[in-house]
Amino acid sequence: MSQSLAAAGTAVRPMADLVLTGDLNRPARLTVSDLLAWPQHEADVSFECATSGIRHHRFTGPLLHDVLAAAGPVFDPARRKDRLRFLIAVSGTDGHHALLSWAEIDPDFGRAPVLLAVGIDGVPLDHAGPQLVLPQDRCGARHISGITAIRVDGGYTSWT
């Protein structure tokens with residue numbers, strides 16, 4: 001029967017997922033469906049694309065900060081500024097990567113409304129996977145499609 005479904009072009013595609021790893025108390029594997037459990041935010045974004053000019057889209061999804069905070073970054077709770085040494089590395093299915101600092105997304109510091117988009121222009125991203133969306137960026141280079149992994153790294157303990 002699966003051959004007839006595939007032949008008819010109706011084969012079921014697997015749900016895309018992403019892996020949260022690194023310096024976290026609760027590493028996780030999340031699908032778009034899982035990300036829908038967080039409060040959803042919308043962002044109308046315009047950014048310059050090097051190959052196709054200015055792009056305009058409406059993205060929907062949870063804040064990256066909310067999702068990562070739920071995974072329990074291993075900050076030293078006695079030192080408020082400890083979280084400033086943490087970096088966030090994001091990888092996508094197409095080989096693109098982006099790096100952010102925790103301070104960019106933390107409400108006590110940069111408070112950037114970075115999204116893990118689960119929808120673009122009203123189209124769900126269930127099978128394509130979530131997208132990293134930085135509404136404040138003029139250039140779309142840090143927008144990562146089909147996120148496969150997010151790594152939180154607080155390994156920068158010494159600056160000497």
Side-chain angles (χ1 to χ4, degrees), residues 11-45 47 57-160:
V12 177
R13 295 186 326 196
M15 183 77 65
D17 63 3
L18 69 92
V19 179
L20 299 180
T21 63
D23 295 325
L24 301 169
N25 288 315
R26 293 173 296 283
R29 181 176 296 274
L30 303 171
T31 65
V32 168
S33 295
D34 297 326
L35 294 172
L36 288 167
W38 273 274
Q40 301 295 295
H41 300 265
E42 289 188 344
D44 291 317
V45 178
F47 58 88
H57 294 288
R58 172 170 278 179
F59 293 95
T60 305
L63 293 174
L64 175 63
H65 178 269
D66 293 349
V67 174
L68 294 181
V74 293
F75 307 140
D76 180 347
R79 296 176 45 224
R80 180 174 182 232
K81 293 181 183 179
D82 186 52
R83 54 193 148 151
L84 300 181
R85 68 183 168 87
F86 282 70
L87 297 176
I88 303 161
V90 182
S91 302
T93 55
D94 59 1
H96 283 92
H97 306 280
L99 188 63
L100 297 89
S101 70
W102 187 272
E104 283 182 84
I105 64 169
D106 192 297
D108 288 338
F109 298 98
R111 195 184 299 179
V114 177
L115 295 180
L116 287 177
V118 295
I120 178 173
D121 300 327
V123 176
L125 295 170
D126 294 354
H127 300 289
Q131 293 189 15
L132 181 71
V133 177
L134 294 97
Q136 71 280 8
D137 283 9
R138 181 185 64 82
C139 169
R142 291 198 298 173
H143 287 224
I144 304 294
S145 299
I147 298 171
T148 56
I150 300 175
R151 178 170 178 76
V152 176
D153 190 339
Y156 302 94
T157 56
S158 174
W159 297 94
T160 58

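Just so you know, these numbers use all the heavy atoms, side chains as well, and skip hydrogens, waters and symmetry mates.
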| message | Go through it in stages, so that I can follow the logic: the residues are Ile150 and Leu116, the test is side-chain contact (heavy atoms from CB on, under 4.5 Å), and I'd like the CA-CA distance, side-chain angles, deciding distance and then a yes or no. | response | CA-CA 11 Å; Ile150 300 175; Leu116 287 177; 3.9 Å; yes
What's the separation between atom [atom1] in [X] and atom [atom2] in [Y], rounded to the nearest 0.5 Å?
| X | Y | atom1 | atom2 | answer |
| --- | --- | --- | --- | --- |
| Leu100 | His65 | CG | NE2 | 12.5 Å |
| Leu84 | Phe75 | CG | CZ | 9.0 Å |
| Leu64 | Trp38 | CG | CH2 | 11.0 Å |
| Glu104 | Leu134 | CD | CG | 7.0 Å |
| Phe86 | Ile105 | CZ | CD1 | 12.0 Å |
| Leu63 | Gln40 | CG | CD | 9.5 Å |

Distance-only, no hydrogens or angles: does the [X] side chain make a donor-acceptor pair with backbone N or O of [Y] under 3.5 Å?
| X | Y | answer |
| --- | --- | --- |
| Asp121 | Arg58 | yes |
| Arg26 | Ala70 | yes |
| His97 | Gly95 | yes |
| Gln131 | Leu115 | no |

| Arg138 atom CZ, over 12 foreign heavy atoms within 6.0 Å | no
| query | Is the number of heavy atoms from other residues, nucleotides or ligands within 6.0 Å of NE2 (His41) greater than 12? | reply | yes
| query | After noting the C-alpha distance and the side-chain angles of Val74 and Asn25, does the key distance pass the side-chain contact (heavy atoms from CB on, under 4.5 Å) rule? | reply | CA-CA 6 Å; Val74 293; Asn25 288 315; 3.4 Å; yes
Is any side-chain heavy atom of [X] less than 4.5 Å from a side-chain heavy atom of [Y]?
| X | Y | value |
| --- | --- | --- |
| Val32 | Pro124 | no |
| Val114 | Gln136 | yes |
| Pro130 | Leu125 | no |

